[in-house]
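Data block below; observations after.
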Amino acid sequence: MKENIGKTILILFFIILLLFIYITVRIITDNKIHNNIIIQDTTYNKIILDSIEYRIRVKDSIIYNLYEEYEKDSIKITNNNDTATVLLFKELVSE
């Protein structure tokens, strides 16, 4: 009886192993068929990429300009004396 259970388990193991090998081979062969497709870079894609690059550069330059303006203002504020700082504050409040 124990020998029959051992043989049954061994047969089930080989069936599962063969099924696994079949599925693996099937997946590999299906992927080889689809790997031969070459996606070409079209003019449309080039235009889209160029426009994205342009927008990134514009936003980057805006950020850089804001940073430069902030740096100038902070240097101006730290170099001012108390009277100039009060005048700048009044000017800011009046806007």
Side-chain angles (χ1 to χ4, degrees):
M1 190 72 175
K2 290 183 181 181
E3 292 175 3
N4 288 339
I5 293 174
K7 287 180 182 180
T8 307
I9 291 174
L10 189 61
I11 291 172
L12 285 174
F13 174 74
F14 281 120
I15 291 173
I16 291 171
L17 181 65
L18 289 174
L19 185 65
F20 178 74
I21 291 172
Y22 172 76
I23 291 172
T24 305
V25 168
R26 182 76 179 193
I27 289 172
I28 290 172
T29 56
D30 286 346
N31 283 340
K32 284 184 181 177
I33 293 171
H34 298 296
N35 284 341
N36 293 333
I37 299 173
I38 299 172
I39 300 174
Q40 302 224 352
D41 189 15
T42 62
T43 305
Y44 175 76
N45 289 341
K46 190 70 171 165
I47 291 170
I48 294 296
L49 290 174
D50 286 345
S51 68
I52 290 171
E53 182 180 348
Y54 173 75
R55 281 186 253 149
I56 289 172
R57 286 185 182 182
V58 166
K59 292 192 184 289
D60 188 43
S61 66
I62 290 170
I63 291 170
Y64 181 76
N65 290 340
L66 287 172
Y67 178 75
E68 286 293 317
E69 193 174 314
Y70 168 76
E71 285 293 318
K72 288 177 186 175
D73 287 345
S74 64
I75 290 172
K76 183 179 176 183
I77 290 170
T78 55
N79 290 337
N80 284 343
N81 57 16
D82 291 338
T83 309
T85 306
V86 171
L87 290 174
L88 283 174
F89 180 74
K90 286 182 182 179
E91 181 183 325
L92 178 67
V93 172
S94 66
E95 290 179 359

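- With sequence neighbours excluded, the residues that form a salt bridge (Lys or Arg N to Asp or Glu O under 4.0 Å) with Arg57 are Glu53.
- The CD1 atom of Ile15 sits 9.5 Å away from the CG atom of Leu19 when rounded to the nearest 0.5 Å.
- Hydrophobic clustering keeps Phe13 apart from Ile5 (ILVMFWY residues linked when any side-chain heavy atoms are closer than 4.5 Å, directly or through intermediates).
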Which atom pairs, one a donor and one an acceptor, fall under 3.5 Å between side chains of residues 69-76 and the rest of the protein, sequence neighbours left out?
residue: Glu71; atom: OE2; partner: Tyr67; partner atom: OH; Å: 3.2
residue: Ser74; atom: OG; partner: Tyr70; partner atom: O; Å: 3.3
residue: Ser74; atom: OG; partner: Glu71; partner atom: O; Å: 2.9

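- With hydrophobic clusters built from ILVMFWY side chains whose heavy atoms lie under 4.5 angstrom apart, Leu66 shares a cluster with Val58.
- Atoms CZ and CG, from Phe14 and Leu10 in turn, are 4.5 Å apart once rounded to the nearest 0.5 Å.
- Atom CG of Leu17 and atom CG of Leu12 lie 12.5 Å apart (nearest 0.5 Å).
- With rounding to the nearest 0.5 Å, the separation of CD1 in Ile47 from CD1 in Ile52 is 12.0 Å.
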